[in-house]
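This report refers to the structure that appears directly beneath it.
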Amino acid sequence: MSSSSPVVQDSAEFEPWLVALDIDGTVIHEDETLTDVVTQAVRSARDAGHIVTLATGRSWEMTKPILDVLELTPEYVVCANGAITLKRDSEVETGYRRELVETFDPGPVLGRIRDGLPGGRFLVEDATGHRYFTEGMQEWNLDTATQVEFDRLADRPVTRVVVVSPGQEPEQFLSLIDSLGLHQVSYAIGWTAWLDIAPDGVNKGTALERVRGILGVPKQRVFVAGDGSNDIEMFQWAGDGGRAIAMGQAADDLKAVATEVTGTVLEDGLVTALESLPGFVHSIGATSVG
């Protein structure tokens with residue numbers, strides 16, 4: 001990365017924004033790479049005094065490494081599409097404790113999906129963060145995880161259900177899931193043919209509204225960025241007075257509820273969006289090496 005003298009925006013009467021970023025397709029690429037220019041932009045937003053956090057469908061175990069790379073230590077982090085909100089706690093080994101956890105009975109939805117997708121692979125996460133998975137999920141991060149038979153997945157309330165359908169295109173997978181008539185849950189399709197299911201009425205937007213209220217940030221100073229269908233409710237929430245920035249590669253349904261559209265993740269579009277925040281300090285001529 002190359003840089004020159006920093007350029008500072010007018011910070012008179014500066015007031016911090018709550019900045020909540022999706023991870024996959026927003027901060028990082030599909031191959032899990034993270035560019036230096038995005039990393040620096042996120043840190044610069046933090047250094048300007050904004051409250052920068054992550055709002056993701058990922059588990060806490062898969063979110064913590066991204067926080068560490070970005071050098072973020074926000075008071076609250078939203079995981080599992082809003083089902084888990086963590087609070088910073090120096091007495092906990094990881095630095096965070098589960099502050100609010102939403103669970104549901106996965107039995108009915110698992111049974112319905114298994115009938116329609118007999119070749120599917122499954123993973124559930126309980127309220128403590130432990131995960132239980134069926135054979136074929138070995139490509140996932142399986143720290144604090146136990147392999148079980150399918151019938152054991154519904155032994156306990158869970159915060160999320162993940163369904164993977166190898167070899168199936170996302171469009172075909174979405175059509176199949178839509179045809180199953182899932183109720184009492186919220187769900188979103190990932191980059192590839194995988195499904196993330198959360199308790200009904202729970203999403204990134206509901207979790208962030210709680211965080212916003214606790215922190216006392218006005219709705220007019222909310223900034224979110226994302227690219228997936230699991231960001232729609234978050235965009236609808238933020239767009240009501242604040243800013244909702246869709247990545248360039250986002251689907252039309254997300255762009256339809258965005259207040260702005262930036263460049264794609266491959267173009268480091270998040271950088272352009274973050275640079276528009278008040279008080280942002282950036283370097284001219286920074287280049288991506290990721």
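The residues of the chain are indexed from 1 along the displayed sequence.
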> Going by atom types only, do N230 and N81 share a side-chain donor-acceptor pair under 3.5 Å?
Replying inline: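 Yes, because at least one side-chain N or O of N230 sits under 3.5 Å from a partner of the opposite role on N81.
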
With sequence neighbours left out, what residues match [X] under side chain to side chain contact (heavy atoms under 4.5 Å, CB included)?
X	result
D47	none
A256	none
A258	F235, A246
T272	T262

> Can you check side chain to side chain contact (heavy atoms under 4.5 Å, CB included) on V265 and Q249, steps first, answer last?
Replying inline: CA-CA 7 Å; V265 66; Q249 80 279 2; 3.8 Å; yes

> Can you check salt bridge (Lys or Arg N to Asp or Glu O under 4.0 Å) on E75 and K87, steps first, answer last?
Replying inline: CA-CA 6 Å; E75 188 170 356; K87 187 179 190 301; 3.4 Å; yes

> Any ring pair (Phe, Tyr, Trp, His ring centres under 6.0 Å) pairs touching residues 61-97, not counting sequence neighbours?
Replying inline: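 For residues 61-97, and leaving out neighbouring residues, the ring pair (Phe, Tyr, Trp, His ring centres under 6.0 Å) pairs sorted by first residue read W60-Y96.
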
For [X] versus [Y], what's the shortest heavy-atom pair and its separation?
X	Y	answer
L270	A225	CD1-CB, 3.8 Å
V69	R43	O-NH2, 2.7 Å
A238	V224	CB-CG2, 3.5 Å
V27	V38	O-CG1, 3.8 Å
G129	T144	O-OG1, 3.9 Å
V158	P106	CG2-CB, 3.7 Å

Side chain to side chain, [X] and [Y], heavy atoms closer than 4.5 Å:
X	Y	result
L67	P74	yes
I113	I197	yes
T134	L123	no
R131	T146	no
I84	E99	no
T264	M247	no
V77	C79	yes
F223	L21	yes

Quick one: salt bridge (charged side-chain N to carboxylate O under 4.0 Å, His left out) pairs with a partner in [range], sequence neighbours left out?
range	answer
residues 153-162	E125-R160, R152-D155, R160-D196
residues 201-218	D22-K204, E102-R210, K204-D231, E209-R212
residues 61-70	E61-R98, K64-D68
residues 248-260	R243-E260

Any chain of hydrophobic side-chain contacts (each under 4.5 Å) joining [X] to [Y]?
X	Y	result
V211	V202	no
V19	V217	no
L100	V78	no
I245	F280	yes
V148	L110	yes

> How far apart are the C-alpha atoms of Y132 and Q147, what are their side-chain angles, what is the distance that settles it, and do they pass the side chain to side chain contact (heavy atoms under 4.5 Å, CB included) test?
Replying inline: CA-CA 6 Å; Y132 300 85; Q147 184 172 333; over 6 Å; no

Once rounded to the nearest 0.5 Å, what's the spacing between atom [atom1] of [X] and atom [atom2] of [Y]?
X	Y	atom1	atom2	answer
L18	L208	CG	CG	6.5 Å
T39	L72	OG1	CG	9.5 Å
T53	L86	OG1	CG	9.5 Å
N203	E233	CG	CD	4.5 Å
S44	L277	OG	CG	10.5 Å
T35	H29	OG1	NE2	5.5 Å

>> Pair I23, T63 - check side chain to side chain contact (heavy atoms under 4.5 Å, CB included), show working.
In response: CA-CA 8 Å; I23 294 179; T63 302; 4.0 Å; yes

>> Can you list everything that forms a side-chain hydrogen bond (donor to acceptor under 3.5 Å, both in side chains) with T128? Sequence neighbours excluded, please.
In response: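 Once residues adjacent in sequence are excluded, the partners of T128 under the side-chain hydrogen bond (donor to acceptor under 3.5 Å, both in side chains) criterion are D126.
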
> Quick one: side-chain hydrogen bond (donor to acceptor under 3.5 Å, both in side chains) partners of D151, sequence neighbours excluded?
Replying inline: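 With sequence neighbours excluded, D151 shows a side-chain hydrogen bond (donor to acceptor under 3.5 Å, both in side chains) to no residue whatsoever.
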
>> My understanding is that only residues two or more places apart in sequence, or in another chain, count here; which of them pass salt bridge (charged side-chain N to carboxylate O under 4.0 Å, His left out) with R114?
In response: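 R114 satisfies salt bridge (charged side-chain N to carboxylate O under 4.0 Å, His left out) with no other residue.
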
> Step by step, would you call I66 with L54 a side chain to side chain contact (heavy atoms under 4.5 Å, CB included)?
Replying inline: CA-CA 9 Å; I66 307 302; L54 300 177; 4.1 Å; yes

> Is there a donor-acceptor pair closer than 3.5 Å between any side-chain N or O of H50 and the backbone N or O of P16?
Replying inline: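 No, because the side chain of H50 does not come within donor-acceptor range (under 3.5 Å) of the backbone of P16.
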
> Going by an N to O cut-off under 4.0 Å, is there a salt bridge joining E15 and R221?
Replying inline: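 A salt bridge is present here (some side-chain N lies under 4.0 Å from a carboxylate O).
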
> Is it true that F122 and F133 have ring centroids separated by less than 6.0 Å?
Replying inline: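 No: the rings miss the under 6.0 Å criterion.
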
